[in-house]
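For the numbers below, each heavy atom of this structure counts, side chains included, while hydrogens, waters and symmetry mates do not. Numbering of ligands and ligand atoms starts at 1, following listing order. When a residue number appears, it is its place in the shown sequence, counting from 1.
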Amino acid sequence: MFDLALINGKAFLDGKVSEANIYVSEGKIAKIAKTDERAEKAIDCKGLLVLPGAIDSHVHFREPGKEYKEDWRSGSESAAAGGVTCVFDMPNTKPETVTQKALDEKIKLAEAKSLVDFGLHFGATNTNYDEMRAVRRAKSVKFYMASTTGDLLINDDAAILKHFRILRERGMLAFAHAEDEKMVKEATARIEGSGRADLKAYAEARPPEAAVRGMETALALAASAGNRLHVTHVSTAGEVELLKKAKKSGMLVTADTTPTYLFISQSHLTRGGNYLKANPPPRSEEHRRAVFKAFCEGVIDIAATDHAPHTKAEKELPFWDVPSGVPGVETIVPLLLNEVNKGSLTLARLAEAVCGKPAQLFGLNKGSIAVGKDADFAVVDLKKEWVIRDELMHTKCGWTPFDGVKVQGNVEKAILRGKEIGAEKVAGKCVY
Ligand code: NCD
Ligand code: ZN
């Protein structure tokens, strides 16, 4: 007898959609077959499509320290509602995740409250080499090469290189927010001083050239150290070109982009500029198109969200005081399903970008529907049309950059290691 059966539906198996029932034992996929088997619990998936649970490699769940914006419960509820069953949380919490003690404490907090599995990114500073050499239960390290929300910053190339060498030795992954701090600082001072205060000005304060320079630096340092590098939130055509070149040269480099850079541009804003203020900022339509194309082609490997919630009150502050970042963990899968329905993205590429590739990047036994893998699923209605609305979101911040956007494709259920999130008792676990 199996613990769970997903019956009467279709599933994304071996790169294509097939009719199959999926059976689960002890949290793992135990059998995939057209036959009917006995199970403790059955979920009727008639008319629905079973996908692997999505993995979001870049979220800010804000706990510890900024629980008024989000916490592990609300963040994970939002993730599950959007078909995301595993997240990787960033280190710019309070305290910052730059010591083993802070990392262990965050794991404890998250295991007590999260409804999805998770991993934690460790944070690099200009001085925490000893911590880096010894850190346990993290396999990736975030490098904030430019100032952003919080105080974490590593802007000294020698320090980055020293860390990259340690990561190389330890087989760990460098995860880079690659913008050039000096260029960002200079441009920001100039633009802010000019009295301009809107999203267009912000795009000039953190210009495309700063992202390109940041990526050049990260690539050069990784080439020298020989470590694995992942560049997060690619937002410009220039970065796409650098990425292509680096991959061609055989470097161990991967990258992600987010719904902001796939779907929002200066000539297509989904809501007021204060809300869309983010690092990096939404770019021109030309950059957006280049990023979208590179994503569809797989040059940009992964779609992540950089889910960075801030309250509405914070987003209503005078423009230069508004904190940067937008929420997104709940809407990434529907937005991508919508592109599949439009014919601009294949389902295979979607599954690779939010399931297969992130699982590979972090070495997880997740990310595809195959016997022996964790039984994490997003059960979706590919045809359902709905309108994304602030009030439908589960994130504590209570808004979404995509309020009012109509999409086709909805997440009906999320299942974590064989348990239906929201209907059964579920406890997310640290993946390391
Ligand atoms: C992030 C945040 O709010 O924590 N903000 C953002 O604009 N992306 C920080 C970050 O990832 O840069
Ligand atoms: Zn981020």
Worksheet item: Side chains of T254 and H230: do they bring a donor and an acceptor to under 3.5 Å?
Response: yes
Practice prompt. For ligand 1, note which part of V326 has a heavy atom under 4.0 Å away: side chain, backbone, both or neither.
Written response: neither
Item to complete: Answer yes or no for R62: is there a heavy-atom contact with ligand 1 below 4.0 Å?
Response: yes
Discussion item. Distance under 4.0 Å to a non-hydrogen atom of G325: what atoms of ligand 1 satisfy this?
Written reply: 5 (N), 6 (C), 7 (O)
Worksheet item: Considering only protein heavy atoms, which is closest to atom 11 (O) of ligand 1, and at what distance to one decimal place?
Response: H60 NE2, 3.1 Å
Discussion item. So is H310 touching ligand 1 or not, going by heavy atoms under 4.0 Å?
Written reply: yes
Practice prompt. May I ask you to check if ligand 1 and A308 share an N or O to N or O distance below 3.5 Å?
Written response: no
Worksheet entry | Pair H307 and F61, ring centroids less than 6.0 Å apart | yes
Fill in: Region of N279 that comes within reach of ligand 1 [heavy atoms, distance under 4.0 Å]
both
Worksheet item: Under 2.8 Å from the Zn ion (ligand 2), which protein atoms of type N, O or S occur, listed by chain and number?
Response: H58 NE2, H60 NE2, D306 OD1
Worksheet, complete the sentence: salt bridge (charged side-chain N to carboxylate O under 4.0 Å, His left out) test vs D376 passes for just one of R417, K419, K413, K366, namely K366
Worksheet item: Which one holds for K277 and ligand 1: side chain close, backbone close, both close, or neither close, with close meaning a heavy atom under 4.0 Å?
Response: neither
Discussion item. Could you check whether any side-chain heavy atom of H163 comes within less than 4.5 Å of a side-chain heavy atom of I154, counting everything from C-beta outward?
Written reply: yes
Fill in: Under-4.0 Å salt bridge between R62 and D71
no
Worksheet item: Of the choices T149, V59, T232, L152, which has the non-hydrogen atom that lies closest to atom 2 (C) of ligand 1?
Response: T149
Discussion item. A cation-pi test, strictly: NZ or CZ of R136 under 6.0 Å from the centre of the six-membered ring of Y432 and no more than 45 degrees from its axis. Yes or no?
Written reply: no
Worksheet item: Can you find a non-hydrogen atom of H58 under 4.0 Å from ligand 1?
Response: yes
Worksheet item: Under 4.0 Å between a Lys/Arg side-chain N and an Asp/Glu carboxylate O for R289 and E286?
Response: no
Worksheet item: Which residue and non-hydrogen atom of the protein lie closest to atom 8 (N) of ligand 1, and at what distance in Å?
Response: D306 OD2, 2.8 Å
Worksheet entry | Side-chain ion pair, E352 and R349, N-O less than 4.0 Å | yes
Worksheet item: Atoms of ligand 1 less than 4.0 Å from H177 heavy atoms?
Response: 12 (O)
Discussion item. Can you tell me how far apart CG (L152) and CG (N92) are? Round to the nearest 0.5 Å.
Written reply: 6.5 Å
Response to the item:
Quick note on ligand 1: atoms under 4.0 Å from a heavy atom of S324 include exactly 2 (C), 3 (O), 5 (N), 6 (C), 7 (O)
Worksheet item: Pick one: which of F122, F175, F362 meets ring-ring contact (aromatic ring centres under 6.0 Å, His included) with F88?
Response: F362
Discussion item. Which label fits H233 and H177: parallel for a plane angle under 30°, tilted from 30 to 60°, or perpendicular past 60°?
Written reply: perpendicular
Worksheet item: Which residue holds the protein heavy atom closest to atom 10 (C) of ligand 1, what is that atom called, and what is the gap in Å?
Response: T148 OG1, 3.5 Å
Item to complete: Using a strict cut-off of less than 4.0 Å between a Lys/Arg side-chain nitrogen and an Asp/Glu carboxylate oxygen, indicate whether D321 and K277 qualify as a salt bridge.
Response: no
Worksheet item: What about H233: any of its N or O atoms under 3.5 Å from an N or O on ligand 1?
Response: no
Fill in: Spacing of K247 atom NZ and D301 atom CG [to the nearest 0.5 Å]
3.5 Å
